[in-house]
Amino acid sequence: MAFGKGCHLHLIDGSAFIFRAYHALPPLTRKSDGLPIGAVSGFCNMLWKYIEDAKGSDAPTHAAVIFDKGSHTFRNDLYDLYKANREEMPEELRPQIPLTREATKAFNIACEELAGYEADDIIATLARQGREAGGRVTIISSDKDLMQLVGGGVEMFDAMKNRAIGVEEVEAKFGVPPEKVIDVQALAGDSVDNIPGAPGIGVKTAALLINEFGDLETLLARAGEIKQPKRRETLIEKAEQIRLSKQLVTLDDQTPIEFTLDDLEIREPNPEELMEFLNRMEFRTLTRRVAEKFGAEPPPAPEVSDVPASHDAQAQDIEQPPFNPDSYTCIRDAGELAKWLDEARAKGWVAVDTETTSLDEMQAELVGVSLCIEAGKAAYIPLGHTSGGDDLFGGSERVAGQMDLDEALKLLKPVLEDPAILKIGQNMKYDFKIFARHGIRVAPIDDTMLMSYAMFSGLHGHGMDALSDRYLNHQPIPIKELIGSGKNQITFDKVEVEKATRYAAEDADITLRLWQMFKPRLHREQVTTVYETLERPLVPVLADMEMAGVKVETAVLSRMSNAFAQKMAQLEDEIGQIAGQPFNVGSPKQLGEILFDTMGVEGGKKGKTGAYGTGADVLEDVTTMEDTNPQAAKLAARVLDWRQISKLKSTYTDALQTHVNPETGRVHTSYVISGANTGRLASTDPNLQNIPVRSEEGRRIREAFVAREGCKIVSLDYSQIELRILAHVADLPEMREAFKEGLDIHAATASEMFDVPLEQMTPEIRRQAKAINFGVIYGISGFGLARNLRIPRAEAQGFIDRYFERFPGIRRYMDATVEFAKEHKYVETLFGRRIHTPEITAKGPAAGFAKRAAINAPIQGAAADVIRRAMIRMPGEIMHLPAAMLLQVHDELIFEVADHAVDELIAVARRVMESAAEPAVKLSVPLIVDAGQGASWAEAH
DNA sequence: AACTTCACG
DNA sequence: GACGTACGTGAAGTTC
């Protein structure tokens, strides 16, 4: 039938259907192979319901489901930031997209998409054609971007709310008739699609203006007449941006399509084809319903005996084979390896683990690789086992019966890089780096350590032994049994292949079993998004940073070390003389005895071990006793000096040099993703997150961190990110405004608290306000603040009371957070990260700790989430620049950049960092990033 | 291995 | 009414 008068065309927005199905449904997986299938299931059910509902007097005569194709459209050519805020498609959803196309075809509904155009443009084109042909058109969608099409026989239908959207509804939403919707959208912009619009003008104002002036061009031409100065200026200054926005929101109803409306005529589905598809997807209920409807016999359900427990909701109830080290295979030739890799291909996943000669990934030599396909079925590939002493004479020999390393890697590479095969590991960053050094970029990955971290942070550690014990009730073979411990420890290449097989294959076996258990549980714990957007994508990013390393000038450190040694010797001498006897200045015990027993300083406090406390705060108090005990005061002052230098020397100038990699001449730290409960990273071997900066002498250590020839070190750091997040989550209007105005936040707080005008602010008042601001982040207490500010406790309490009075949101936030923690036993960041607080119900001092930790975690955690998001986006954004991201220090990112690209790097990285919360969270406070550059970290900071 | 101290955000 | 306390880390050195 030719489309024309009396015909009714339904246009279904396929992408909206898919996303709704994905988010509305629990994460189903196909039983036979674990393929995520929830969105396809929901999509099919919606199509089926749609078909059933659409049979009536108002039935469509023609219908099509319209999809988006690819992500690059002509709009990206107009404006490169178009939809730049969009989150990546969830990993679980990606493989389901082609299946929804198949589903549409199986239902025998026309299925259309066009590269370079969004679904909305195709819908616009078809709607226009339908209207022009004199028929009726209904767009099944509630997307506001489609509302411009309404009118003249075209209407929309919100399938979710079961509600028609006609001219009236559009007017209610936009304040203008449909044909002027694009003018309003051009002004108002859209943060979701990153349409800039006119800053400061929302839908309400836009509608007002359009109604007053008639249309956008008239408005822009006569903008000078507008009374409000700010509005007038925006419209004049941003006219081009507004016109661009209009282009972006205007749907193209002239897309070149290769079919006609007549091709979209409704067709009955072919029962066999439809049932074949539904059955293949293993949708039992829907298959049965379709069979009933057509009076056909449902096809036999597919064989699901080989159920991977992982994907079953009752995973724990399914009997797993016991651990049996004798059952593991040792792969010694290419034929056997190929067989295992084929199994991995067939399954679509494989657990992988590497054995090496060192925990330092930059120096470790690959000794073997283990694989596991399913619980109990694991293998080890020995590749670099040696025998004999490798000591004085270097007489180590390669053990027989091993595959050649390169031959094995050649076979492994296509599997490890195959986008259709998931590589599962425990702490994958380690293995990722090992393989990367052999030219293999492992992807895609899952990491059981990070799954555990996302689900259980605050409850327990995430190491494999702990997880195996807790979740599999199995104690793995301790590594000590193979390599020993202490000074007799051997490297893994010296371990017998048979023993190594039992140990290494077991690790892969454990990892796979943990994965099977954790995968479905991620959804139940509601941390899938956290895992997929904040944990897992960090693995390759951090691996690259760590492998890049940072150049450290050992000569600079050596020089400083020598100077420190001299100064220390001098101080030790002096200290011995004051004390009347030489003693180990580095021994807090000896120092305490001399100070408090021999020299008679009053008020020494013993800790739980019976030793006097001699921390810096105690010694500082002693230095003030010039009148009562001048000798002790002098001694304490010298010890404080000695301690500072001793620390700098041992931890920084000396230890740091030992971490310079002989091959690269650079220092390669290792970040622990699951190191801190709050979501912060931890840096180890060496820790590059605590390089001195607060003291003048210490800061000079940073002069040794330099850029390579022709490059600069660039540092970008978030300004006051935790306070900004606090202002947002605790809803503190005064603080929010202060940030919006770009004020000195501590001065502004002081002004608010002590009624001192900003112009009359003194450093002392500001310092106190600063201490309180930080105190609030830490879960303030009168005692803690008093100690920090060295003021009487009552006075500190007075400050806090006043702070609560002036910023009532703070108390509300603190109370609400503690209440939440008590009820749920966890707290949550803005981005959904959960930090468990099991101690919150404890009695005694532990309760106080838990309370403060609960108050702090969402703030520290959200800040950590923000910088993680920035780091994850960064590589893609700076790809085109001669620059590398090297280090992260909680609120700071450090880059090494070619001289000529410094300015551009700063611009790009700043943009990424300042917008990192979006689009997941729209903060009510701007994020601001400060930048510095120079030849060294000292100059850049 | 536990404890103390101190470097950072 | 007393308890004890700022939040989150890692490393080095001493002591047991």
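Sequence lines set the chain letters: A, B, ... in the order given, protein chains first and strands last, and positions in each chain run from 1. Remember, it's a predicted structure, so these values are computed and weren't measured experimentally.
Taking the 5' to 3' direction, DNA chain C first and last meets chain A under 4.0 angstrom from a heavy atom at dG4(C) to dC16(C).
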Just distance, no hydrogens or angles: give the donor-acceptor pairs under 3.5 Å from side chains in residues 927-941 of chain A, sequence neighbours left out.
unit_1	atom_1	unit_2	atom_2	d
Ser936(A)	OG	Ala938(A)	N	3.2
Ser936(A)	OG	Glu939(A)	N	3.3
Trp937(A)	NE1	Glu892(A)	OE2	3.3
Glu939(A)	OE1	Ala935(A)	N	3.1
His941(A)	ND1	Glu892(A)	OE2	3.1

Compile the donor-acceptor pairs under 3.5 Å between side chains in residues 567-574 of chain A and protein atoms, sequence neighbours left out, one pair per line.
unit_1	atom_1	unit_2	atom_2	d
Glu572(A)	OE2	Trp642(A)	NE1	2.9
Glu574(A)	OE2	Arg638(A)	NE	2.6

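No engagement by Ala857(A) is indicated, since no non-hydrogen atom pair under 4.0 Å with the nucleic acid exists. Across all strands, Ser683(A) comes closer than 4.0 Å only to sugar-phosphate atoms, never to a base (heavy-atom distances). Counting non-hydrogen atoms under 4.0 angstrom, Phe849(A) reaches the backbone sugars and phosphates but no base. Among the heavy atoms of the strands lying under 4.0 Å from Ala771(A) is at least one base atom, whether or not backbone atoms are also near. Base contact: Ser781(A) has a heavy atom under 4.0 Å from a base atom. Residue Arg793(A) is classed as a base contact, given a heavy-atom separation below 4.0 Å to a base. Using a 4.0 Å heavy-atom cutoff across all strands shown, Gly586(A) reaches sugar-phosphate atoms only and no base atom. Nucleic acid contact class of Ile777(A) (heavy atoms, under 4.0 Å, all strands): none.
Every pair passing ring pair (Phe, Tyr, Trp, His ring centres under 6.0 Å) that includes a residue from residues 768-800 of chain A is listed here, sequence neighbours excluded: His746(A)-Phe774(A), Phe754(A)-Phe799(A). Residue pairs that meet the side chain to side chain donor-acceptor pair (under 3.5 Å) test with at least one member in residues 578-590 of chain A, sequence neighbours left out, do not exist here. Applying the salt bridge (Lys or Arg N to Asp or Glu O under 4.0 Å) test to every pair with at least one member in residues 675-687 of chain A, sequence neighbours left out, gives these pairs: Arg680(A)-Glu722(A).
Side-chain contact check for Gln644(A) and Ser695(A): at least one donor-acceptor pair (N or O, by modelled atom type) lies under 3.5 Å.
Judged by distance alone, with hydrogens and angles left aside, the side-chain atoms of Lys770(A) form no donor-acceptor pair with the main-chain N or O of Thr749(A) at under 3.5 Å.
The gap from the P atom of dA6(C) to that of dC6(B) amounts to 15 Å, rounded to the nearest Å. Going from the P atom of dT5(C) to that of dT4(B) covers 12 Å, rounded to whole Å.
Partners of Ala738(A) under the side chain to side chain contact (heavy atoms under 4.5 Å, CB included) rule, at least two apart in sequence or in another chain, are Leu743(A), Ile745(A), Ala748(A). Applying the side chain to side chain contact (heavy atoms under 4.5 Å, CB included) rule to Ile872(A) yields the partners Pro537(A), Leu538(A); only residues at least two apart in sequence or on another chain are considered. With sequence neighbours left out, the side-chain hydrogen bond (donor to acceptor under 3.5 Å, both in side chains) criterion links Thr623(A) to no other residue.
Taking a 4.0 Å limit (strictly below) on heavy-atom distances, residues 804-827 of chain A does not reach DNA chain C anywhere.
The two residues Thr829(A) and Pro858(A) have their closest heavy-atom pair at CG2-O, 4.0 Å.
Residue Gly784(A) is the one, among Gly784(A) and Ser650(A), whose nearest nucleotide of DNA chain C lies closer to the 5' end (criterion: closest heavy atom).
Arg852(A) forms a cation-pi arrangement with Phe849(A), by the criterion of a distance under 6.0 Å to the ring centre and an angle within 45° of the ring axis. For Lys606(A) and Tyr612(A), the positive end sits near the middle of the six-membered ring, less than 6.0 Å away and at most 45° from its axis.
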Worksheet, complete the sentence: Under a 4.0 Å heavy-atom criterion, the protein footprint on nucleotides 4-9 of chain B, written with B, S and -, is SSBBBB
Worksheet item: Just the dot-bracket of DNA chain C, please: which string comes out with Watson-Crick or G-U pairs under 3.5 Å, [ ] for crossing, | for another strand?
Response: ......|||||||||.
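The aromatic ring centroids of Tyr531(A) and Tyr453(A) lie 6.0 Å or more from each other.
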